[in-house]
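Notes follow once the structure below has been shown.
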Protein chains: 2
Amino acid sequence: MQTSSDIARDGATGRNASLVGAPEPALAAWIRDARRSVLRQMVELVARPGVVSMAGGLPAPELFPRAELASAYERVLGREVKALQYLPPFMPLKEQIQDLMRARGVVCDLDQIVLTTGAQQALDVLARLLVDRGTTVIAEAQAYTGIHQVVAPRGARIRTVGADLDHGIDPEAVEARLGEGDARMIYTVPEGHNPLGVTLAPERRRRLVEVAARHGVPIVEDDPYGFLAYDGAAQPALAAADEVSEGGGVVYVGSFSKILGPALRLGWMVLPKPLVARASIIKEGMDLECSSLTQRVVSELLADREFFASHLRRLRDTYRERRDAVLGELRQVALEGASWSRPSSGMFVYLRFAPDAVPEGFETRSLLQRALDEEQLAFIPGSAFDCVPGAGGDLGLRLSFSLLEPEALRDAVRRLARSVASHRQALSVADG
Amino acid sequence: MQTSSDIARDGATGRNASLVGAPEPALAAWIRDARRSVLRQMVELVARPGVVSMAGGLPAPELFPRAELASAYERVLGREVKALQYLPPFMPLKEQIQDLMRARGVVCDLDQIVLTTGAQQALDVLARLLVDRGTTVIAEAQAYTGIHQVVAPRGARIRTVGADLDHGIDPEAVEARLGEGDARMIYTVPEGHNPLGVTLAPERRRRLVEVAARHGVPIVEDDPYGFLAYDGAAQPALAAADEVSEGGGVVYVGSFSKILGPALRLGWMVLPKPLVARASIIKEGMDLECSSLTQRVVSELLADREFFASHLRRLRDTYRERRDAVLGELRQVALEGASWSRPSSGMFVYLRFAPDAVPEGFETRSLLQRALDEEQLAFIPGSAFDCVPGAGGDLGLRLSFSLLEPEALRDAVRRLARSVASHRQALSVADG
C-alpha cells in the first residue's frame, strides 16, 4: 500500500511519476493536494498486535445478526428470480424506512426517501447537489472526516464553529458564519456526535433549525446513531415535523451500518421534495442503484418486528454498559484539567484538556505515541478530526467504547490516565 | 416520481419551488441543468405490459447463480464473525481478479487493483481523478450514458469521434481531437460496445493505444463484456501488456454485473501505479469501501473454478444463440438502407439507416412510437446515446438480445421490419 508520504511526494509535482516512456497524464487540480484521511492513517497506525484499542469507530461484530441475515439471503435468493437484477427501489423497504423515520419523529412521503450506498454516499450526493467551487460548508471544528472527503472534490471548503461537550454545536456561531458568505450547507451529527460524543441540547436544536431556515441554508443531519440512544428515547431528529414547521430544509441521512452491519452498505436520505429528483439523478450517476438483493434482505430483517426490536434492545444494552464503564472509570481516575462528554448515544467519548491546565508542549498526538509505547493503548487524537489546521483538536482525544468489554474498557482508561501522567511528567522535566 | 418536464421546470429558475416559508437553498451550478438519463426514461417508457422489449441492457435473470450465491452467503456468514464489518480489501478476491485480468491479457500487481461499487463507480472515480472544469473527454458519438453522468458534475464536456459498426472507434479521429485541446480521458468500450455492438478491430486497437500514449491522455477501457465473447476467445484488453508496451496509460474497468449479477454492485479498476493512491482516496470518499461481505461471497464463487468456468460457458452459449437469432432474422427481413453490427461479445446489435435511403422526416424516436403502438415492440433509439445533441443517433437504434429466447427474438425482428415499412409508408404518404 502506498503511504501518505508517497502521496505527498507525487503531490509536489502534480503529475505522476512513471507511465513508462509516455508523457504523464494530467490530474484534476483538487486531487493533486489531496491527502489520505488522517483518521484512516491513524487507525492503521494503531492496529498493532497486543494494543488495547479505543481508536476505531466500528460496531461490535459479536452483535451482527449473521444467522438472521444468512437465512434472509437464502429466502430472497430462493424466491426471487430477479433478486440479482437491476431493479427500481424496493418499495416495502422504503415503507419500513418511513416507519423508522416516524420513530425519529419525522413524517415523510415515500418519494422523499432516496436509498444510498451507506451514509457516506448520501453526503457525497448532497455535496454534488448543494456545493460549488468557492462556497463553504459549516461544521464543528472537529467533525466526522467523511465530510471533508465530499467537500474537497467540489472545490469548496469547511468553515468551523464551536461546539461544547455538554450541549453540542453553537447556533449563535453558526449564525455568525452564515452572515459571512456563501454557505451552502450546515453539517452536523446531532445525536451521539462523532467525534465529540455529545447530543445537541433541545434549546440549541430549535435555534439551529430556525437560524438555518432564516438564511435558507439546509442542515444536513447525519444520524447514524439515532437508534442507539442509551438513556430512554432519543430526541426527535432535527428533520422532525415540529422542528422544521418554521420552514427551512433539513436533509436527514440515515444508515443501517451501525444497527445491522456496515458491509450491507445501505443508507438513506430524507429530502425536501424539491430536491428529490436531482438527488436521484446524482445518485444514479455514482453507482446506478443500491443492491436490489441487499434491499430485499434488509427488508426481510425489518419485517420481523419482534427480532428487530429485540436486536436494537441488545445493541443499546451492550453499548450502554460499555459507555458506563468508561464514564465510571474516568470519574475514578480524575484526569487533571480534562473535561469529557457523557454520550447518550453513539460510540464515542471525547476528552479535552484545558490549555491552562497542561504543561507547555502537551498535545494528544505525542500523548498517543506515549500511550502506544508505554501502555499499548490506542485512541484517536482530536487533531485527526480538525476540519481546518489548528482547529483545536490537539488538546482533545476520542475514545471509542464500542469494541471492548467493560472490564477491558476500565483497564484502558487506567492506561490512559497513566499515559497522561507520564506525558505531563516528561514535559515538566524537559521544561525544568 | 418526478418527470423530466418537472425537472426542466425547476431548472428554469435554478432554485427550488417550495421549502415552505423559507428562502430556497442554492443548488450547485451544474445540477440546475442536469436532466434524467434519457436512456432511463426510455426504459421506463417502454416497460408496458404486453410489450416485446429489446430495450433494456439487462443480463438474463435465469442465468444468475442464485443457489450458489445463497450457499456462499451461508458459508461466509457462518464462518466469519467480522463478515459484516468495515474491513480492508479482501486479498484473496484481488488475487482472483488478478487471474481474471491474466485471462484478458493483462499482467498487473495486486496493488494496481482497486475495488469499486460496480463499474459505474469506477468511471466516477476516474472522472474525479482526471477531469477538471473546462476540460474534455473523448468518446464515440453514441456512447454508454453513464459516462455523461460522471463527466457533467466535473464541469467538463464530451467531444465525439466517429465509430463504424464493423471496426469501432476511429483512432485518426481521436488523434485529431487530441490535437484540439485539453482532453483528459479517452473513454471507450472496446469489446461488445454499448450501444454500437462492435468490437474494436486489432489494427485500430494498436493505433488507438499509440495515439493516446503519444499525447499522454489515458484511455479508460470499460470492459463489462470482456468475458462474454461468443466466437472463440476475446482479443486481449487494451490494457494488455503487449498493447501498452509502447507506454501510455490504459485504465481497465471491470465488473461482475454481467457475469454474476448486477445486485452484487462489485467492479474493479486496474490502474497505472502512480494513480493508485489517489484513486483509493477518491473511492473512500464516495462510500468508504465495497461491501466486505460481498467481496467474500464473490471470492467463494470464483474459488470454485469448475463452477465458474461452466457458468461462463453457459452464459456464452445462451447469449450466442440469442445473438444468432437476431442476426439471422435481420438477414431474412433485409431492411432497406440499414446496416448493423455483428457483435462478437456483449448484448447489443446496433442498426443504422443510411440518410439517403430513408424518406424525409424518418428518425428512430418516432419509429419507436410506431413500433410500440402498432407492434408492441420496444427498442432504444440511438439518440438516447448521443453524447452531444445532433450526434447522429436519430438514424440508429439499439436492439438488446440478452433477455428473450431465440424464437421471441426472431419474432421481434419481424415486428421491427413491419414497423419500419409502416413508418416509411406513412412518411411517404405525408410527403406525397
Side-chain angles (χ1 to χ4, degrees), chain A residues 2 6-7 16-29 31 34 36 58 61 64 66 69-70 73-74 77 81-82 84-86 117-118 120-121 124 128-132 149-150 153 184 213 216 218 247-249 261-263 265 272 274 277-278 281 285-288 291-293, chain B residues 2 7 16-26 28-29 31 34 36 58 61 64 66 69-70 73-74 77 81-82 84-86 117-118 120-121 124 128-132 149-150 153 184 213 216 218 247-249 261-263 265 272 274-278 281 285-288 291-293:
Chain A
Q2 216 166 345
D6 290 334
I7 296 170
N16 298 299
S18 59
L19 288 179
V20 185
E24 297 153 0
L27 298 184
I31 190 66
R36 283 188 68 208
L58 307 176
F64 294 146
R66 291 187 290 137
L69 274 166
Y73 275 109
E74 190 181 15
L77 284 165
V81 176
K82 291 190 183 177
L84 288 155
Q85 189 61 288
Y86 297 110
T117 306
Q120 182 65 29
Q121 186 182 60
D124 202 16
R128 279 203 179 174
L129 179 66
L130 299 170
V131 175
D132 266 319
Q149 292 174 294
V150 302
R184 294 296 187 82
R265 307 313 303 124
R278 287 196 188 81
I281 294 173
M286 288 175 170
D287 62 1
L288 302 182
S291 165
S292 49
L293 175 61
Chain B
Q2 216 169 346
I7 296 170
N16 299 301
S18 58
L19 289 180
V20 184
E24 297 153 0
I31 189 68
R36 283 191 65 210
L58 307 176
F64 292 145
R66 292 187 292 137
L69 274 167
Y73 276 108
E74 191 181 15
L77 285 164
V81 175
K82 293 191 180 176
L84 288 156
Q85 190 59 289
Y86 297 109
T117 306
Q120 182 67 28
Q121 186 182 60
D124 201 16
R128 281 203 178 175
L129 179 66
L130 298 171
V131 175
D132 267 319
Q149 293 173 294
V150 301
R184 293 296 187 83
R265 305 314 302 127
L275 300 181
V276 170
R278 287 196 188 79
I281 293 173
M286 288 174 169
D287 61 2
L288 302 184
S291 165
S292 49
L293 175 61

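Values reported hereafter were calculated over all heavy atoms of this structure, with side chains retained and with hydrogens, waters and symmetry mates removed. All chains are named by letter (A, B, ...) in the order of the sequence lines, taking the proteins before the strands, and each is independently numbered beginning at 1.
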| message | Heavy-atom pairs under 4.5 Å with chain A: which of B:T117, B:V150, B:L288 has the most? | response | B:L288
| Side chain to side chain, A:L293 and B:R265, heavy atoms closer than 4.5 Å | no
| note | Most contact-rich option vs chain A, by heavy-atom pairs under 4.5 angstrom, among B:P61, B:A28, B:G285, is B:A28
| note | Taking every heavy atom of A:S291 against every heavy atom of B:A263, the minimum-distance pair comes out as OG-O, 2.6 Å
| query | Do B:V81 and A:F64 have side chains that get closer than 4.5 Å, going by heavy atoms? | reply | no
| said: List the residues meeting salt bridge (charged side-chain N to carboxylate O under 4.0 Å, His left out) with B:R128, not counting sequence neighbours, and say none if there are none. | reply: A:D124
| message | To the nearest 0.5 Å, what is the distance between CD on B:E74 and CZ on A:R66? | response | 12.5 Å
| field | Sequence-distant partners of A:S292, side chain to side chain donor-acceptor pair (under 3.5 Å), two or more places apart | value | none
| request: Heavy atoms only: give me the nearest B:L84-A:L69 pair and the separation to one decimal. | output: CD1-CD1, 3.4 Å
| field | Min side-chain heavy-atom separation B:D132-A:L27 under 4.5 Å | value | no
| note | Given B:M286, B:K82, B:Q85, B:R184, the one with more heavy-atom pairs under 4.5 angstrom with chain A than any other is B:Q85
| Does A:R278 use its side chain to pair, donor to acceptor, with the backbone of B:A34 at less than 3.5 Å? | no
| note | Among B:G118, B:A70, B:P262, B:A29, the residue with the most heavy-atom pairs under 4.5 Å to chain A is B:P262
| task | Let me know if B:V131 has heavy atoms under 4.5 Å from chain A in its side chain, its backbone, both or neither. | result | backbone
